[in-house]
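Structure record follows, encoded as structure tokens.
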Amino acid sequence: MKTLVLVWVALLALLAATAASSFVPLGGWNSAINLAISCAKALLVAIFFMHLRHAGALLRLVAVAALLWLGILFGLSSADFGARTISPAPWSLRY
Amino acid sequence: MLYAAAITTFFFVGGAAATLIRLELATPASDLVSAETYNKLFTIHGVIMVWFFLIPSIPAVLGNFLVPLMVGAKDMAFPRLNLASWYLYVLGGIFTVATLLAGGVDTGWTFYTPYSTMFSNGAVLLAVCGVFVVGFSSILTGLNIIVTVHRLRAPGLTWFRLPLFVWANYATSLILLLATPVLAMTLVLVALERFFYVGVFDPSRGGDPLLFQHLFWFYSHPAVYIMVLPAMGVASEIIPCFARRPVFGYRFMAYAILAIASIGFLVWGHHMFVSGQSLYAGLVFSLLSFLVAIPSAIKVFNWTATLYKGSITFSAPMLYALGFVGLFTIGGMTGLFLASIALDVHLTDTYFVIAHFHYIMVGGSVMCYLGGIHFWWPKISGRMYPEGWGRAGALLIFFGFNLTFFPQYLLGWLGMPRRYHEYPPELQLLNVFSSAGAVVLALGYLLPLGYLGWSLFFGRKAPDNPWGATGLEWQTASPPPKHNFRDIPEVHAGPYGYDPAR
Amino acid sequence: MATIPLASAEAGAERARLGMWLFLATEAMFFGPLFFGYVHSRLADSAAFASGSHHMHFWLGTINTAVLLTSSFTMAISVHGKERIRGTLGLTFVLGAAFLLIKGYEYGSEIPEVLAAKGAEQVFYLLYFAMTGLHAIHLLIGLGLVAWLFLSAHGRRAGTPVEIVGLYWHFVDAVWLFLYPMFYLLERYSA
Amino acid sequence: MNATTPLWALPAASDTASRVDALFLVVLAVTGAVTLAIFAVMAVFAIRYRRGSPAQRASPPTQSRVVELTWTFTPLAVFLCFFAWAALVYGSFYRADPAAMTIYVVGKQWMWKAQHANGRREIDELHLPAGQPVRLVLSSEDVIHSFFVPAFRIKQDAVPGRYTAISFTPTRPGVYRLHCAEYCGTDHANMGGRVYVMQPAAFAQWLEQGPSGASLAAQGFELFRRLGCSGCHDARSSVHAPELDGVYGRTVHLADGRTIVADEPYLRDSILLPKKDVVAGFEPIMPSFQGQVSEADLSALISFLKSLQPGGPSGK
């Protein structure tokens, strides 16, 4: 019970952190911080609220597998988008 | 049983569309049907055969029945979920029939954007709804099978004592679970784009039509393994039984199944070698595609080795299974041509690809579905099918299949593109062979429908274990009682305890 | 056939737990393409996304996140508690409903802006509606489940059904934790 | 020279074709041999170990680590060779010769439109000189199409909104089939034509015939004058019409109070449906050009308008 309260307080603190940090101009780092804080919050929820801390290996495996497969989807697709070269358009070659 | 009836119906609807396609292609000109009708025919053929037949066939019909029997359980882990999954299948089917009534859809089963989102006039939304709903039916089936295998195994039945059919269905279910949701959401995006113009696939708003292809093939390539892995499982049950000896390299076979299921997720980009995907992504996907061929090769070698020193009877199920190994070998070998990225540039979107995937899906999945139906028919129905008719049917289908699809390899290499209702006149001879084969094949498929239906009422009563097989499913009555077993069996040894010397 | 009631109840709970986690894995994959589409479209025109984000109600979004986190907290207490969990279940329901009401108010005030938007900014809005809308549908299902727990006998005593619904509730909450910065917090400093 | 080379002969008419064919034959030989070997072994086992045959069956092997590892790693080695070779050939499709001749090809339901560097256009036909490296730059006006010439063994999708490219050198004069290989709608099967590979001298002669223009934008400028647009939209004109310098991308205030960004769809609408979005402060006097300008003219006009950026070179 005490753990749950602590986790709840931590979650609200992280929320405040992510909201506040978005007012500081950091360029690309804003998104990185937001993403990292979201991951931290989701982890707190999964580990404590969803009892992954006490769950067996199988349930942990399921949770990790879903993330891993999402990673495959994002990773290999991004490999294409990241490595594309686009031929110049004819009208970009000025006459 | 409910599944079997519904799926058979869709198989024959899809088959009728295929027959019409082949009849149209008997001549180079467009004469039997118009271009638009032709496009709708191959779309409905693809949609029905992929989502309403091939994907649910073995897992839903045989898997739901056999997996609990084979693990020694009273039922699936969630019986009510199983029924829900059947209702979803029927609901998806209703959408698909509604699509037909609304005039059909002409996007191809791949629903490529921007054609499907902005240009097609067909009932895209209805078709997409059908596939979306049936997708959830597969997800629930997969979930049920996984929980059953994990939680309901009989005492003593360790992982490496499971029959390969269970392994195959387990791996298939993993793919169903991890891939199908991606398809579902991708189709939602297509529908949203079509009606609200979201713009995720629209280049003028920062989207990309190729994004759709990535998302689509992330599901649809693993879907090929959804279709063929259960077929491999069926073959791995039938061959040891009729060769009267244990399967060769059981552990390797199980590992190969898991390897195919997981590497299969990493190769989807090989459908996109000429799509404008980046060169480097193409090369990565080509390499990974070769890797997934290796476990498949291992399985073919091991099935062949299982015949060595056996005592082989050529009953109908065995004929189907051996036919499967042969056709799968040809289909797999031609897959290497397509994985070879430079060859794929010439061969992709031609009849070579059509022939390749029909060798895998029809030569693989359908042969094994029929083989499995014959093998477990006594258990399912409590009746024996007529053996002579069974063998004749298997041979006829094998012959008709090769006549239909082998010429298509040649057509593809010569450069006949797919989804053409008209083609250069010099290619007519090969097309005539193919169309003639399709007629034979259609007759071949009607044959089992006839005699299996007959045997349901007039067939000889089946004993509990007509093949002298060793699986747990043969240790209970035919058909099994309400809770499968009177007493939950205990397992003390691995599967396939056959002895060829006896 | 001898049955041991306690053991079989525990076996049923194990089955349900595994089933729910597998289902949540499919849910994660289900949301996947939307997230990827968002990333792709945002990289194509991040300025339009930032300007779209400036039209979001920052305070309502932030308060809503806090509301949802608190509902997860009360849900976790319900799962954890042994008896008399009806209070926390009810609180969870009220917080979930509050979230949806606030969200509904936001939707109402944003529709004119969507109609006026053009190009990539409109993509931002439509993705916002698609993703938060899908989330809201999930939450609505969650509310239904919580209401069912509250009204049925399960509300009296913590058990497997409460735990399973809890898993679902927390998952829906976790999805929102990502949606919130993606739509509300883009380049807030320049707003 | 006018008869199309029949497909059953599958001519090899480019450098890429001979490279692909060599790879194909080797892969065919290896996979064919292995397939036949598997079938032969299966047949021998099936006959020898049929039920009731006198063959010796004692202690059939159930596993052998050595055998299984052998038939895991041998295919792996062979596959890696296939992969490397195929990757090398594939790379050559996308490595353009610096001296390559660039041709722009646009797919459209259901035709192929090509434009040569000197402005010569052709539809459903493509003339190429033998021995000259060629680079095709492809795009699409509507859905995804795929440019497929079996005799060259090349295929490349044309994707709307972006450009893709493929390079090759035609080697053998003749007439070859051109197809669309990516399903694109009702008349997909009829979207195709002929590729004429000509002797360089004959090609040079062909290229000089017919209309030519410096570029799409310059052609747009021609159209702009010919259709009479400049009569009203010129700064010196007495007619009260909007000035078009830098119009592209500008935020336009409309007569009904809306504002709109002058993007391509807006410019297109302004030419075809001028009454739809009238700019504030102007009378709706512009005539519609619906039916007078083709898609190609439209894209030329729009690219001319896009070139009228402040500071940028203009067509005037």
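Quick caveat: nothing in here was measured; it's all calculated off a predicted structure.
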Separation between OG1 of B:T110 and CD of D:E182, rounded to the nearest 0.5 Å: 7.0 Å
From B:S286 atom OG to D:F79 atom CZ, the distance as rounded to the nearest 0.5 Å: 12.0 Å
B:H346-D:F148 aromatic ring centre distance below 6.0 Å: yes
B:W413, part contacting chain D, at a heavy-atom distance under 4.5 Å: both
Which atom of D:G91 lies closest to which atom of B:L279, heavy atoms considered: CA-CD1, 4.4 Å
From CZ (D:R57) to CG (B:D499), nearest 0.5 Å: 10.5 Å
Crowding at CZ, B:F160 (>12 non-hydrogen neighbours, <6.0 Å): yes
Heavy-atom side-chain contact between D:L28 and B:F337 under 4.5 Å: yes
salt_bridge(D:E68, B:R251) N-O dist < 4.0 Å: no
Distance, nearest 0.5 Å, that separates CG of D:L88 from CG of B:L283: 9.5 Å
Neighbour count >12 (heavy atoms, 6.0 Å) for atom CZ, D:R48: no
Pick from B:L322, B:L287, B:D106 with the largest number of heavy-atom pairs that fall under 4.5 Å of chain D: B:L287
D:A86 versus B:A342, closest heavy-atom pair with distance: O-CB, 3.4 Å
Region of D:F39 that comes under 4.5 Å of a non-hydrogen atom in chain B: side chain
Side chain, backbone, both or neither of B:F248 within contact of chain D (heavy atoms, under 4.5 Å): both
Non-hydrogen side-chain atoms of D:Y90 and B:V345 separated by less than 4.5 Å: yes
Under 4.5 Å from any heavy atom of chain B - which part of D:F83: both
Part of B:V300 within contact of chain D (heavy atom distance under 4.5 Å): side chain
Per-residue contact mode, B:L430 against chain D (heavy atom under 4.5 angstrom): neither
Beyond-backbone contact of D:W85 with B:L343, side-chain heavy atoms, under 4.5 angstrom: no
Residue B:Y423 versus chain D: region with a heavy atom under 4.5 Å: neither
Under 4.5 Å from a heavy atom of chain D, the part of B:T348 involved: both
Which portion of D:Q56 sits near chain B, non-hydrogen atoms under 4.5 angstrom: both
Toward chain D, the part of B:Q213 with a non-hydrogen atom under 4.5 Å: side chain
Validation row: D:T62, B:Y496 side chains within 4.5 angstrom (heavy atoms): no
B:I341/D:V89 under side-chain contact (heavy atoms from CB on, under 4.5 Å): CA gap, chis, key distance, verdict: CA-CA 8 Å; B:I341 187 161; D:V89 179; over 6 Å; no
Min side-chain heavy-atom separation B:F301-D:I38 under 4.5 Å: yes
Contact class of B:A243 relative to chain D, heavy atoms under 4.5 angstrom: neither
More than 12 heavy atoms from other groups under 6.0 Å of CZ on B:F406: no
Nearest non-hydrogen partners of B:P114 and D:I144, listed with the distance: CD-CG1, 4.0 Å
Parallel, tilted or perpendicular, as decided by the 30° and 60° cut-offs, for the rings of B:F290 and D:F82: tilted
Heavy-atom pairs under 4.5 Å with chain B, option from D:G185, D:A87, D:P75, D:A55 with the top count: D:G185
Worked check of side-chain contact (heavy atoms from CB on, under 4.5 Å) between B:F119 and D:T186: CA-CA 11 Å; B:F119 292 89; D:T186 311; over 6 Å; no
Partners meeting ring-ring contact (aromatic ring centres under 6.0 Å, His included) with B:Y112 (sequence neighbours left out): none
Reported NE2-to-CG distance for the pair B:H421 and D:D187, which is rounded to 0.5 angstrom: 6.5 Å
Aromatic ring pairing B:Y115/D:Y183, orientation class (parallel under 30°, perpendicular over 60°, tilted between): perpendicular
Pairs where residues 326-350 of chain B contributes a residue and the test salt bridge (charged side-chain N to carboxylate O under 4.0 Å, His left out) is met, not counting sequence neighbours: B:D349-B:R418
Heavy-atom contact with chain B under 4.5 Å, split by part of D:S64: both
Non-hydrogen atoms of B:S275 and D:V159 that approach each other most closely: O-CG2, 3.4 Å
Top of D:I166, D:V30, D:D157 for chain B proximity - count of heavy-atom pairs under 4.5 angstrom: D:D157
Contacting region of B:R419 [heavy-atom separation from chain D under 4.5 Å]: both
Between CZ on residue B:F314 and CZ on residue D:R51, distance to nearest 0.5 Å: 11.5 Å
Contact leader toward chain D among B:T117, B:T304, B:T107, B:T334, where contacts are heavy-atom pairs under 4.5 Å: B:T304
Portion of B:T113 that has a non-hydrogen atom of chain D nearer than 4.5 angstrom: backbone
Trace of the side-chain contact (heavy atoms from CB on, under 4.5 Å) decision for D:H179 with B:Y420: CA-CA 10 Å; D:H179 292 295; B:Y420 267 30; 3.3 Å; yes
Non-hydrogen side-chain atoms of B:P246 and D:Q63 separated by less than 4.5 Å: no
Between D:V41, D:V20, D:D142, D:V149, the one whose heavy-atom pairs under 4.5 Å with chain B are most numerous: D:D142
Shortest non-hydrogen contact from B:N302 toward D:W71: OD1-CZ2, 3.0 Å
Side chain to side chain, B:N39 and D:H188, heavy atoms closer than 4.5 Å: no
Proximity breakdown for D:A158 and chain B, heavy-atom pairs closer than 4.5 Å: neither
Shortest non-hydrogen separation from D:R177 to B:P425 and the atoms involved: NH2-CD, 4.1 Å
Under 4.5 Å from a heavy atom of chain D, the part of B:F42 involved: side chain
